[in-house]
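Working notes, beginning with the structure itself.
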Number of protein chains: 2
Amino acid sequence: MIYQLYLYQQSIKIMEKLSDIIFYSIEKSIKSYRQFAQKNISKAGIEITIDQWLVLKTIEEDNSTPQKDIASKTFKDVASITRIIELLVQKGYLSRKSKSEDRRRFELTLTDEGNDIIKKMQPYIQINRAQALKNITDEEIKNLHSTLSKIISNIN
Amino acid sequence: MIYQLYLYQQSIKIMEKLSDIIFYSIEKSIKSYRQFAQKNISKAGIEITIDQWLVLKTIEEDNSTPQKDIASKTFKDVASITRIIELLVQKGYLSRKSKSEDRRRFELTLTDEGNDIIKKMQPYIQINRAQALKNITDEEIKNLHSTLSKIISNIN
DNA sequence: CAAATATAATTGATATATCAATTAAAACAG
DNA sequence: CTGTTTTAATTGATATATCAATTATATTTG
């Protein structure tokens, strides 16, 4: 009886651990990936952060996106976007001027250097992803997606 | 022929999108979870950040862990740990004094208030996790774990 | 149209992440 | 035992996250 209680408590503990750890795993995987990706980029002598690249890339894909939409596309805060754009302009990758139709907004355009760095980054992005996803099947990725989507929708 | 080429290119594009997006999904899920969890904690009037709690919890579980090990357990930098501990001491949740055996290290002990807040947090942590993982089977969690572990080991 | 409201972006304050340099103490090697 | 190396933690600098308050402009409403 006491032994069964012990087993029961153990199994509760184990189950707790399992679900506890899942958010740690998610956190660890994304942190590791970011460090890994950033390291490879820096090693290649490319002077941009992953976050700056992400914002630049978003603007490249559609330069009419308002900053608040850049924020939601990149899962960032509008305040962060303001500051990242500032740095991108400082670094000469981006030009920014007020829009005449709506003077609260800005016309964001990649400079030649901005386009260059996007091109230079491309192979590294792909290599990084390929290495991180090595030996992982499409099926697994689909499942990963599906479970993560469930978590995301449970929360919202 | 041209139509088939089109389909082929589409499928490449779709596959690219899929694997591209996986890191976005991971990032989005963990960011959403953190926001969600932090909001619930704050709403409950508990004045601590998730990161501070995580560090406090790690010390509670084993108060002989050196700061550098706290860092690796929480996937943080030692510099961040130094600063988080500073805040925890300031807030009165933690006491810190030099160790006599090794004066580079510190004796970290939860104060009564520190223990209190850990207790107060407990139900919220569980509710948050339960809600985030609602309708997700153990099987799915196991798979999630397994795929994330693969990613993590591919990177290291 | 004028006043009220809503929206886009910025700014300030505080927390955290990351890297590099530094400090203090411990461990080691000759 | 002394000089060298290693280790634990801190500090400084810069980037990003988050929240709240603010500014400027646009939109809506009476």
Side-chain angles (χ1 to χ4, degrees), chain A residues 27-28 30-43 47-56 59 64-91 93-94 96-108, chain B residues 27-28 30-43 47-56 59 64-91 93-94 96-108:
Chain A
E27 182 128 350
K28 181 171 186 181
I30 197 66
K31 278 195 180 180
S32 304
Y33 180 68
R34 279 183 155 265
Q35 283 176 359
F36 163 77
Q38 186 68 63
K39 209 162 283 175
N40 287 344
I41 299 305
S42 302
K43 217 176 356 184
E47 299 208 335
I48 196 169
T49 67
I50 302 283
D51 290 305
Q52 289 166 10
W53 169 80
L54 191 57
V55 170
L56 201 59
I59 296 167
S64 71
T65 316
Q67 290 182 204
K68 73 182 184 55
D69 293 348
I70 297 175
S72 62
K73 280 188 187 179
T74 56
F75 318 128
K76 289 177 185 302
D77 193 273
V78 285
S80 298
I81 297 298
T82 296
R83 281 151 188 154
I84 291 174
I85 285 177
E86 232 169 67
L87 288 172
L88 288 170
V89 171
Q90 263 179 40
K91 288 186 166 181
Y93 296 144
L94 201 59
R96 194 177 76 140
K97 44 185 174 180
S98 209
K99 283 203 170 190
S100 45
E101 325 90 87
D102 184 340
R103 282 165 48 211
R104 293 168 305 183
R105 293 186 47 194
F106 296 88
E107 184 86 53
L108 298 168
Chain B
E27 183 127 352
K28 181 172 187 180
I30 197 66
K31 279 195 179 178
S32 305
Y33 180 68
R34 282 184 152 263
Q35 282 176 358
F36 163 78
Q38 186 67 63
K39 209 162 283 176
N40 288 343
I41 299 306
S42 302
K43 219 178 348 185
E47 297 207 335
I48 196 169
T49 67
I50 302 284
D51 289 304
Q52 289 166 9
W53 169 79
L54 191 56
V55 170
L56 201 60
I59 296 167
S64 71
T65 316
Q67 291 183 201
K68 73 183 182 54
D69 294 348
I70 298 176
S72 62
K73 280 187 187 180
T74 56
F75 319 128
K76 290 176 183 304
D77 193 273
V78 284
S80 299
I81 297 298
T82 296
R83 282 152 187 154
I84 290 174
I85 285 177
E86 232 169 68
L87 289 172
L88 289 170
V89 171
Q90 263 179 40
K91 289 187 165 182
Y93 296 143
L94 202 58
R96 193 178 77 142
K97 43 186 175 182
S98 210
K99 284 203 168 188
S100 45
E101 326 91 86
D102 185 341
R103 283 163 52 209
R104 293 168 303 183
R105 293 186 48 194
F106 297 88
E107 184 87 52
L108 298 168

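Residue numbers start from 1 in every chain, and the chains themselves are labelled A, B, ... in the order their sequence lines are given, proteins ahead of strands.
Residue B:Phe36 contributes atom CZ, which lies 19 Å from atom C1' of D:dC19 at whole-angstrom precision. Computed from coordinates, the A:Ile70 CD1 to C:dA8 P distance equals 13 Å when rounded to whole Å. Straight-line distance from the CD atom of A:Glu27 to the P atom of C:dA17: 8 Å, rounded to whole Å. To the nearest angstrom, P of D:dT16 lies 9 Å from CD of A:Gln38. Residue B:Ile30 contributes atom CD1, which lies 12 Å from atom P of C:dA17 at whole-angstrom precision. As a whole-Å value, the separation of A:Glu101 CD from D:dT25 C1' is 13 Å. The separation between B:Asp51 atom CG and C:dT16 atom P is 5 Å, rounded to whole Å. B:Lys68 has its NZ atom 14 Å from the P atom of D:dT10, to the nearest Å.
Contact annotation for B:Ile84: backbone-only contact, meaning every heavy-atom pair under 4.0 Å involves sugar-phosphate atoms and none involves a base. Residue contacts shown for A:Thr49 are limited to sugar-phosphate atoms, with no base heavy atom under 4.0 Å away. Contact annotation for A:Asp77: base contact, defined as any heavy-atom pair under 4.0 Å involving a base atom. As judged by a 4.0 angstrom heavy-atom cut-off over every strand, A:Leu87 is placed among residues touching the sugar-phosphate backbone only. At a threshold of 4.0 angstrom between heavy atoms, the contacts of B:Gln52 are confined to the sugar-phosphate backbone, with no base atom among them. Counting any heavy atom pair closer than 4.0 Å across all strands shown, A:Gln35 reaches sugar-phosphate atoms only and no base atom.
Scanning atom types as modelled, one donor and one acceptor separated by under 3.5 angstrom connect the side chain of B:Arg83 and the base of C:dT18.
Nearer the 5' end of DNA chain C, as judged by each residue's closest nucleotide, is the contact made by A:Glu86, out of A:Lys31 and A:Glu86. Along DNA chain D, the nucleotide nearest A:Arg103 and the nucleotide nearest B:Thr65 are compared for position; the residue whose nucleotide lies closer to the 5' end is B:Thr65.
Within 6.0 Å of atom CD in A:Glu107, more than 12 heavy atoms from other residues, nucleotides or ligands are found, so the atom counts as buried in its surroundings.
The backbone N or O of A:Ile48 sits less than 3.5 Å from a side-chain atom of A:Gln38, completing a donor-acceptor pair. Looking at B:Lys91, its side chain does come within 3.5 Å of a backbone N or O of B:Glu47 through a donor-acceptor pair. Within the 3.5 Å criterion, the main-chain N or O of B:Ser64 finds a donor-acceptor partner in the side chain of B:Arg105.
In this structure, A:Ser80 does not reach the D:dT16 phosphate: none of its side-chain N or O atoms is under 4.0 Å from OP1 or OP2. A close approach under 4.0 Å does not occur between any side-chain nitrogen or oxygen of B:Lys76 and OP1 or OP2 of C:dT16.
For B:Phe106, the side-chain atoms get nearest to D:dT10 when compared with the rest of D:dA8, D:dT10, C:dT7. The side chain of A:Gln67 has C:dA9 as its nearest neighbour among C:dA9, C:dA25, D:dT25.
The pair A:Asp51-A:Arg34 meets the salt-bridge criterion, since a charged nitrogen lies less than 4.0 angstrom from a carboxylate oxygen.
Closest heavy-atom contact between B:Ile50 and B:Ala37: CD1-CB, 3.8 Å.
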